2 protein chains.
Amino acid sequence: MSINEVAREAGVSIATVSRVINNSGAVRASTREKVEAAINALGYSANRLARNLRTSESRLILVLVPDYSNTFYAGIVQGIDGEARRRGYHMLLCDTGADPDAERTYIELLKNRMVDGAICLDPDSVQSLLGEQPRALPWVACCEFDPDSGIPWVGIDNARAAADAVRFLIGRGRRRIAMIGGDERFMYAHERRRGYLTALAEAGLTPPQGSPLDTFSPDFDDGYRLAARMLSVSPRCDAIFAVADPLAVGAMQAVHDAGLRVPEDVAIVGFDNVPFATMVRPRLTTVAQPMKRLGENAARVLIERLNDPELPVSGTMLEHDIIVRESA
Amino acid sequence: MSINEVAREAGVSIATVSRVINNSGAVRASTREKVEAAINALGYSANRLARNLRTSESRLILVLVPDYSNTFYAGIVQGIDGEARRRGYHMLLCDTGADPDAERTYIELLKNRMVDGAICLDPDSVQSLLGEQPRALPWVACCEFDPDSGIPWVGIDNARAAADAVRFLIGRGRRRIAMIGGDERFMYAHERRRGYLTALAEAGLTPPQGSPLDTFSPDFDDGYRLAARMLSVSPRCDAIFAVADPLAVGAMQAVHDAGLRVPEDVAIVGFDNVPFATMVRPRLTTVAQPMKRLGENAARVLIERLNDPELPVSGTMLEHDIIVRESA
DNA sequence: TTGAAAGCGCTAACAG
DNA sequence: CTGTTAGCGCTTTCAA
């Protein structure tokens, strides 16, 4: 079932069929109708494998996620998927955490021409991609990025977002504000830590002893563990800023188990506004990133570069939002 | 940068290079070394677009998910991704909920040969795919399936799982057991409802008035709303079985807000064992599906069919598990 | 064990 | 406006 059959059925050449399906070149209306009739009669659909080889593009973009089960990425991936599809692309998704030698695989996918470009949400992969021939591979960094790397990126101003969260707590009268999660390996954590310290300094405050506290992994258990440790130092902190919502929820539980109240005794602010932020009591106050728009912009930037590789490298900074609920 | 350059560099024909990279045919060891040296020197990686056309396969599988932000699917998708990759395939992910005319798109992708086959996790898409030429398209249904459709499937015995959950509640002395969520359009909900009624009947019990209660969407808000309604009928139910964890968490909150305790006054059992089941207090007792293995099996079944289309259509039933925590 | 050559199905340059 | 034709880069006969 190929373009040949359609051409024969319609009594035209394959070039004309190609013009019709691509809506390119000039085709007489009556001829177009004949071809369309043949296409419908045969249920023809152009072989993408052949078209891909001929046009030398796959119209596929690779999306590298460190861990699917982290709900944080869901909104971004949805944004990428939607925008990509609107522009005639599809999304090949790779969980880099699940695959030990993922790095080799996905760089291969790019060199292979199996995908046209990549969007990287994974801090580790960002690092290793930066190690490759920087601008040779068409990719963009999303959320985790280095403005000076020469790689296009989209993200938020993590330092300012963290500072805003801390200023919010200060505005509520908090003075001993602890921070959980500041893993220096990741730009986002490093920046948030910087913002935290800036906002404190600005108000003439200092971090409680031990703060910021580094996480092993930014999940509920670590949030619980580290908050419990934080609560045991005196004078006790009166607020906790966590760099990820699961950490914040764990911290909330630790405060509760210590016989204290959120937010009366300890206010808590999270980061990311994941779905379950509204399913806990008190509801979590948190910093929201415009996930869907982050994804959409990443896809847009990548696809524009694909269409015009000479485009200057750009960074896109999107606005964050403090979602005030009940925990602070 | 093509096979031609490698051939020239190595001083052999392109056929020989092809044999080396595919490890096919007989090649003298010394020749192989020459070719491999050339490949390394040039950093060559075979163009997949060309190979795909020639071999007439993309080694891509399409995964249809109704809503990527539903954490329920994350584990399954991870399973698919891992198994596919081990077998030399990659995963093209489509959020069918995000795209209004997704159905046309993904059937096109199959006809196109852009993907070799599909795994469908989306109840709606399962329905519409069943409407197409049944066995013409290589796809398998995962979680939501019809054993009599002639389409390969993998899933759990939803009726038995629900019955087990209800039997568990009965074993704990509960007698007025309500159920939330029984949307008849979806096989999984229909089956769980059936299991619920079976287990009750078996014990000589009847559903509380109004139960099962249908959801609008299986989320926290609906769980809250419906549980609140359920709690207002008397005699009051002493247990709630929810067909999805977010519903169960919402129900837990409703019980709490009604001034009652979980599990003392009302026991609650959810379904799916999503990550936040352990982040709420009391921790959620729930029915777990072997998500990762469901995904792995779906990928395995699909790829085996791709390699041998004559394979008999099979169904794979995996075991569920009751995870006993604190809510029941 | 190797090479020459056909051809996968399409697009695009060119000619008419 | 339409058709002929040359490849895209690979795999795979077939012949040597």
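The basis for the numbers below is simple: all heavy atoms, side chains too, and nothing from hydrogens, waters or symmetry mates. These numbers come from a predicted model, not from an experiment. Naming convention: chains lettered A, B, ... in sequence-line order (proteins, then strands); numbering from 1 in each chain.
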Rounded to whole Å, how long is the line connecting atom CG of B/Leu49 with atom P of C/dG9?
16 Å
Write down the distance between NZ (B/Lys34) and C1' (C/dT2), rounded to a whole number of angstrom.
10 Å
B/Leu53 CG to D/dC8 P: how many Å, rounded?
13 Å
Please determine if B/Glu83 and B/Arg86 form a salt bridge, counting it only when a charged side-chain N lies under 4.0 Å from a carboxylate O.
yes
Remember a base hit wins even if backbone is also touched, and classify B/Asn52 as base, sugar-phosphate or nothing at under 4.0 Å, heavy atoms.
nothing
Taking NZ in B/Lys34 as the centre, count heavy atoms belonging to other residues, nucleotides or ligands within less than 6.0 Å. Is the count above 12?
yes
With a non-hydrogen cut-off below 4.0 angstrom, is A/Arg19 in contact with a base, only sugar-phosphate, or nothing?
base
Would you confirm whether B/Arg305, through its side chain, and B/Leu311, through its main-chain N or O, come within 3.5 Å as a donor-acceptor pair?
yes
Under 4.0 Å between a side-chain N/O of B/Asn47 and OP1 or OP2 of D/dC8, yes or no?
no
Can you check the A/Glu57 CD to C/dA12 P distance for me, whole Å?
9 Å
Does a side-chain N or O of B/Tyr44 approach OP1 or OP2 of D/dG9 to a distance below 4.0 Å, or not?
no
Can you figure out which of D/dG3, C/dC10, D/dC10 approaches the side chain of B/Ala46 most closely?
D/dC10
Using heavy atoms to find the nearest nucleotide of DNA chain D for A/Ile14 and A/Ala26 separately, return the residue whose nucleotide is more 5′.
A/Ala26
Reading DNA chain C from 5' onward, which residue's closest nucleotide shows up sooner: A/Met1 or B/Arg28?
B/Arg28
If you assign B/Thr16 and B/Arg54 each to the DNA chain C nucleotide with the nearest heavy atom, which residue ends up on the more 5' nucleotide?
B/Thr16
To the nearest Å, give me how far apart CD (B/Glu33) and P (C/dT1) are.
14 Å
Closest approach to the side chain of B/Val12, judged atom by atom: which nucleotide of D/dT11, C/dT11, C/dG3 is it?
C/dG3
Contact summary for B/Ser58 and B/Val115, nearest pair of heavy atoms
OG-CA, 3.4 Å
Parallel, tilted or perpendicular: which describes the rings of B/Trp153 and B/Phe145, with under 30° parallel and over 60° perpendicular?
parallel
When we call it a touch if two heavy atoms are under 4.0 Å apart, what does A/Thr31 touch: a base, just sugar-phosphate, or nothing?
sugar-phosphate
For C/dT11, take OP1 and OP2 only and decide whether either is under 4.0 Å from a side-chain N or O of A/Ser18.
yes
Tell me what B/Ser2 touches on the nucleic acid: a base, only sugar-phosphate, or nothing, going by heavy atoms under 4.0 Å.
sugar-phosphate
